> 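So that we are looking at the same thing, I have put the structure below in structure tokens.
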Amino acid sequence: MKRIAVLGGGPAGAFAAERLARAGLRTVVFDEKLAWEKPCGGGITYKAYNQYPFLIDNDIPKKLVSEAFVAASGTGACRMRLSRPLVIYSRLDLNRMLLERAERAGAQIEKARVRELIRTDRGWRVRTTAGTLEADFCIIATGARNSLREVGTQWSAENVMYTLGYWVPAEQEHIDIQFLQGLEGYIWVFPRCGHLSVGIGGKGEPAAQLRRRLERFMLERGIPFKDAQFYGHMLPSLSPSAWRRNRVAGEGWLAVGDAGGLVDPITGEGLYYAIRSADLASQVVIDEAHAPAEKPWTYRSLLTWDFAADLEFGARLAKRFFLDKLLFSSVPARMVEFMRRSPRFLSVVEDLFAGTLPYQNLKERLLRNLNGTLQEILWSFFFRRLLPTETQP
Ligand SMILES: Cc1cc2nc3c(=O)[nH]c(=O)nc-3n(C[C@H](O)[C@H](O)[C@H](O)COP(=O)(O)OP(=O)(O)OC[C@H]3O[C@@H](n4cnc5c(N)ncnc54)[C@H](O)[C@@H]3O)c2cc1C
């Protein structure tokens with residue numbers, strides 16, 4: 001029977017291992033930390049739990065959030081009701097659940113750091129801190145800080161977003177999203193069970209500057225950070241050209257989740273793509289109809305068809321969305337203003353938030369609604385009292 005080594009036991013690795021083990025393959029997962037509180041918002045969109053219901057139907061602690069306030073520099077906040085709530089987990093709980101599912105399916109879970117991958121005639125020799133293992137095939141799931149140089153996405157500064165933040169022992173029931181002038185990224189406040197995950201992600205700005213922006217925001221909002229635990233991490237954010245040359249698969253290996261750069265370049269959503277890519281990769285490994293030499297090509301094609309083409313399109317929008325001007329204001333500021341004035345526009349943003357509107361369909365959806373949206377905006381502008389806008393108290 002074939003032996004598959006899964007390198008990394010985060011959401012992508014754990015889910016791939018579950019699928020592979022359930023199909024009867026001898027599967028070994030290596031993770032240097034196993035379940036841990038990875039720096040993350042922990043938000044799971046409707047798109048993710050609708051397709052993978054176990055992400056919501058379980059008894060581990062989680063917060064279902066049905067209200068978000070979206071703001072940009074120079075605008076008030078717009079309140080957005082989420083008819084399809086965002087589900088928010090602590091990453092320790094989420095990772096533990098996924099690893100336990102993999103173990104129950106029959107995967108062997110090893111706490112060890114993978115040091116080296118050596119190609120052999122039969123497959124791979126995986127050298128870890130716990131010893132050496134011979135494997136026929138490898139799933140690379142080592143996240144954005146993948147130290148194995150020969151496999152997975154090749155990183156450069158323009159393809160990552162720096163993120164940092166605090167876990168604050170406080171409670172709130174809604175999400176905050178704040179866009180800032182001149183920042184290709186945003187600040188978020190995500191309520192979790194027992195604490196808030198407050199963070200900032202930004203491209204092309206030094207971490208110290210991002211931290212100053214975040215702490216200014218927290219001071220203004222009265223969110224204490226002095227005794228809160230600080231975190232920092234990298235988030236893949238591939239440029240359009242990087243999507244085309246992305247090293248996501250090769251002879252004897254497929255990369256899943258962050259190790260393959262599979263993250264939404266605008267929202268930073270990565271958990272869905274970690275699970276989805278793990279699902280697709282395990283299908284390709286399991287399916288004997290694909291010869292080993294065909295597997296990388298098959299996986300790349302499946303990814304493109306399933307979501308990567310849309311994320312590449314999103315990468316083309318990202319800079320324009322965060323940094324361009326529209327009618328003398330920043331695009332995020334105009335977006336918030338339109339959200340406040342037009343229920344139709346608000347529902348478009350809500351669909352983007354839920355993950356049910358692909359970027360490639362955005363233009364068509366906006367054009368289809370253009371007349372109604374403009375009418376609502378003009379109506380609201382002239383008859384503000386008749387269409388009250390909702391702002392943060
Ligand atoms: C600050 C921040 C906020 C985010 N918020 C959200 C959010 O709210 N919603 C969302 O959908 N996404 C969010 N993301 C993205 C999300 O966290 C990632 O996309 C997701 O964790 C990817 O899962 P993964 O399994 O590919 O990688 P990871 O979760 O990074 O897992 C990789 C695993 O590999 C292990 N590993 C690495 N190297 C080795 C090695 N050599 N040997 C053994 N083990 C190794 C690590 O210990 C780790 O457990 C956020 C990311 C950041 C940084």
Side-chain angles (χ1 to χ4, degrees), residues 5-17 28-49 55 63 65 86-92 94-96 98-99 102 109-117 126-130 138-149 151-153 160-167 175 177 185-192 197-202 210 214 230-237 255-265 267-278 281 353 355:
V6 178
L7 317 185
F15 192 64
V28 187
V29 181
F30 294 104
D31 194 295
E32 57 186 337
K33 300 186 188 130
L34 294 184
W36 64 296
E37 191 56 66
K38 194 223 152 189
C40 185
I44 301 240
T45 56
Y46 169 80
K47 169 179 61 187
Y49 62 77
L55 289 171
K63 200 125 186 162
V65 184
L86 190 75
V87 179
I88 305 182
Y89 288 98
S90 129
R91 281 297 302 270
L92 177 67
L94 180 66
N95 285 24
R96 189 185 292 131
L98 289 162
L99 283 167
I109 313 286
E110 293 284 338
K111 185 170 184 184
R113 177 173 175 77
V114 178
R115 287 195 162 136
E116 198 183 4
L117 268 185
V126 184
R127 286 207 327 109
T128 77
T129 45
C138 282
I139 297 288
I140 312 301
T142 37
R145 285 189 176 149
N146 176 24
S147 57
L148 304 165
R149 296 277 155 240
V151 287
T153 295
V160 287
M161 198 176 253
Y162 293 104
T163 61
L164 51 92
Y166 290 94
W167 287 300
I175 291 162
I177 301 288
Y186 62 90
I187 286 176
W188 67 88
V189 182
F190 275 16
R192 290 167 157 197
S197 174
V198 185
I200 186 168
L210 289 173
L214 179 66
F230 181 75
Y231 62 74
H233 206 77
M234 278 163 55
L235 183 67
S237 178
V256 292
D258 282 15
L262 304 173
V263 171
D264 185 312
T267 62
E269 177 180 11
L271 288 167
Y272 168 74
Y273 301 106
I275 299 284
R276 185 71 193 141
S277 58
F353 211 82

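As the structure is a computational prediction, the values presented were derived from the model and not from experiment. In each ligand, atom 1 is the first atom listed, and ligand 1 is the first ligand listed.
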> Looking only at protein heavy atoms, identify the closest one to atom 32 (C) of ligand 1 and say how far it is in Å.
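Looking at atom 32 (C) of ligand 1, the protein heavy atom closest to it is Ala141 O, 3.4 Å.
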> Output the distance between atom CG (Leu86) and atom CD (Glu269), rounded to the nearest 0.5 Å.
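Leu86 CG to Glu269 CD: 8.5 Å, rounded to 0.5 Å.
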> Does some side-chain heavy atom of Pro11 sit less than 4.5 Å from a side-chain heavy atom of Asn95?
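When only atoms from C-beta onward are counted, Pro11 and Asn95 do touch, with a gap below 4.5 Å.
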> Rounded to the nearest 0.5 Å, how far does OG1 of Thr153 lie from CD1 of Ile140?
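Rounded to the nearest 0.5 Å, the CD1-OG1 separation comes out at 11.0 Å.
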> Does atom OH (Tyr186) have a neighbourhood of more than 12 heavy atoms from anything else shown, all under 6.0 Å?
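Count over threshold, so yes.
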> To the nearest 0.5 Å, how far apart are OH in Tyr162 and CG in Leu235?
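Between Tyr162 OH and Leu235 CG, I get 11.5 Å after rounding to 0.5 Å.
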> Go through Leu7 and Ile139 one step at a time and tell me if the side chain to side chain contact (heavy atoms under 4.5 Å, CB included) criterion holds.
CA-CA 6 Å; Leu7 317 185; Ile139 297 288; over 6 Å; no
> With nothing but distance in play, are any N or O atoms of Ala259 less than 3.5 Å from an N or O of ligand 1?
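No; every N/O pair is 3.5 Å or more apart.
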> Using 0.5 Å steps for rounding, measure from the OG atom of Ser277 to the CZ atom of Phe15.
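Rounded to the nearest 0.5 Å, the OG-CZ separation comes to 10.0 Å.
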> I'd like to check which ligand 1 atoms, numbered from 1 as shown, lie under 4.0 Å from a non-hydrogen atom of Glu269.
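Those atoms are 10 (C), 11 (O), 12 (N).
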> Which of these, Val114, Val6, Ile109, sits in a side chain to side chain contact (heavy atoms under 4.5 Å, CB included) with Phe30?
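The passing option is Val114.
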> Taking the side chain as everything from C-beta on, heavy atoms only, tell me whether Val189 gets closer than 4.5 Å to Ile175.
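Not in contact.
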> Return yes when Gly268 approaches ligand 1 closer than 4.0 angstrom through a heavy atom, no otherwise.
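A heavy atom of Gly268 does come that close to ligand 1.
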> For Tyr273, is the nearest heavy atom under 4.0 Å from an atom of ligand 1?
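Flag not set, Tyr273 not near ligand 1.
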> Considering only protein heavy atoms, which is closest to atom 22 (C) of ligand 1, and at what distance to one decimal place?
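That would be Asp258 OD1, 3.2 Å.
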> Just by distance, do the side chain of Thr142 and the backbone of Gly8 share a donor-acceptor pair under 3.5 Å?
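No.
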> Could you see which bit of Thr163 sits under 4.0 Å from ligand 1, with heavy atoms only: side chain, backbone, both or neither?
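The part of Thr163 near ligand 1 is the side chain, not the backbone.
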> Given side chain to side chain contact (heavy atoms under 4.5 Å, CB included), test Leu94 with Leu55 step by step and report yes or no.
CA-CA 9 Å; Leu94 180 66; Leu55 289 171; 4.3 Å; yes
> Classify the contact between Ala14 and ligand 1 as side chain, backbone, both or neither, using a heavy-atom distance cut-off of under 4.0 Å.
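Within the 4.0 Å criterion, Ala14 makes no contact with ligand 1.
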> Report the part of Arg113 (side chain from C-beta onward, or backbone N, CA, C, O) that has a heavy atom under 4.0 Å from ligand 1; answer both or neither where that applies.
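It is both parts that get close, each with some atom under 4.0 Å.
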> Indicate yes or no for a side-chain donor-acceptor contact from Glu32 to the backbone of Ala112 under 3.5 Å, with no hydrogens or angles considered.
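Checking the backbone N and O of Ala112 against the side chain of Glu32, no donor-acceptor pair under 3.5 Å is found.
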> Taking the minimum heavy-atom distance to atom 8 (O) of ligand 1, which of Gly43, Pro11, Gly8, Gly13 ranks first?
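Selected option, by shortest heavy-atom distance: Gly43.
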> What is the closest protein heavy atom to atom 37 (C) of ligand 1, and at what distance does it sit?
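Of the protein heavy atoms, Thr142 O, 3.2 Å lies nearest.
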> Could you list the atoms of ligand 1 found under 4.0 angstrom from a heavy atom of Gly257?
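Within the 4.0 Å cut-off of Gly257, ligand 1 contributes 26 (O).
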> Given Asp31, Leu164, Val114, identify the one with the heavy atom nearest to atom 40 (C) of ligand 1.
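Ranked by closest heavy atom to atom 40 (C) of ligand 1, first place is Val114.
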> Checking Arg192 side chain against Gly41 main chain: does a donor-acceptor pair fall under 3.5 Å?
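Side chain of Arg192 to backbone of Gly41: a pair is present.
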> What I'd like to find out is whether the side chain of Pro236 reaches to under 4.5 Å of the side chain of Leu262, using heavy atoms alone.
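Heavy-atom side-chain distance check fails, nothing below 4.5 Å.
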> Give the contacting part of Arg115 toward ligand 1: side chain, backbone, both or neither, where contact means a heavy-atom distance below 4.0 Å.
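For Arg115, there is no contact with ligand 1 at all, from either part.
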> So if I count the atoms of ligand 1 from 1 in the order they appear, which ones are less than 4.0 Å from some heavy atom of Gly10?
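Selected atoms, number and element: 25 (O), 31 (O), 33 (C), 49 (O).
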> Which distance, rounded to the nearest 0.5 Å, do you find between the CD of Glu116 and the CZ of Arg149?
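Glu116 CD to Arg149 CZ: 13.5 Å, rounded to 0.5 Å.
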> Considering only protein heavy atoms, which is closest to atom 27 (O) of ligand 1, and at what distance to one decimal place?
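Ranked first by proximity to atom 27 (O) of ligand 1 is Gly143 CA, 3.6 Å.
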> Is there any N or O on Leu271 that sits under 3.5 Å from an N or O of ligand 1?
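In this structure, Leu271 places an N or O atom under 3.5 Å from an N or O of ligand 1.
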> Who's the nearest protein heavy-atom neighbour of atom 5 (N) of ligand 1, and how far?
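Checking every protein heavy atom, the shortest distance to atom 5 (N) of ligand 1 gives Gly41 N, 2.8 Å.
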> Polar contacts were defined as any N/O atom of the residue lying under 3.5 Å from an N/O atom of the ligand; does this apply to Trp36 and ligand 1?
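Yes, at least one N or O pair falls under 3.5 Å.
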> When you measure from the heavy atoms of Ala112 to every atom of ligand 1, does any distance fall below 4.0 Å?
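Ala112: in contact with ligand 1 (<4.0 Å).
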> One residue to check: Ala48. Relative to ligand 1, which of side chain, backbone, both or neither has a non-hydrogen atom less than 4.0 Å away?
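No part of Ala48 is near ligand 1 at this cut-off.
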> Would Arg91 count as a contact of ligand 1 if the rule is a heavy atom under 4.0 Å away?
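It does, in that a heavy atom of Arg91 comes within the 4.0 Å cut-off of ligand 1.
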> Does any N or O atom in Glu32 lie less than 3.5 angstrom from one in ligand 1, N or O only?
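Yes, since at least one N or O of Glu32 sits under 3.5 Å from an N or O of ligand 1.
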> Show me which atoms of ligand 1 lie under 4.0 Å from any heavy atom of His233.
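Checking each atom against His233, I get 53 (C).
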> How close does the nearest protein non-hydrogen atom get to atom 17 (O) of ligand 1, and which residue and atom is it?
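Sorting protein heavy atoms by distance from atom 17 (O) of ligand 1 puts Lys38 NZ, 2.8 Å first.
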> Applying a heavy-atom cut-off of 4.0 Å, say which part of Ala274 lies close to ligand 1: side chain, backbone, both or neither.
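Side chain only; the backbone of Ala274 stays clear of ligand 1.
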> Output yes when a side-chain donor or acceptor of Arg115 lies under 3.5 Å from a complementary backbone atom of Thr128, and no otherwise.
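Flag not set: sc Arg115 to bb Thr128 has no pair under 3.5 Å.
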> Going by the order shown, which atoms of ligand 1 are within less than 4.0 Å of some heavy atom of Trp188?
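Matching atoms, with element in brackets: 1 (C), 3 (C).
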> Who gets closest to atom 10 (C) of ligand 1 by heavy atom: Gly9, Gly270, Gly201, Ala16?
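Heavy atom nearest to atom 10 (C) of ligand 1 belongs to Gly270.
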> Starting from atom 15 (C) of ligand 1, find the nearest protein heavy-atom neighbour and note its residue, name and distance.
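The closest one turns out to be Leu235 CD1, 3.6 Å.
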> Please list the nearest protein heavy atom to atom 52 (C) of ligand 1 with its residue and the distance rounded to 0.1 Å.
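The answer is Pro39 O, 3.5 Å.
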> Could you measure the distance from the CG atom of Leu271 to the CG atom of Leu98? Nearest 0.5 Å is fine.
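Here the interatomic distance stands at 9.0 Å.
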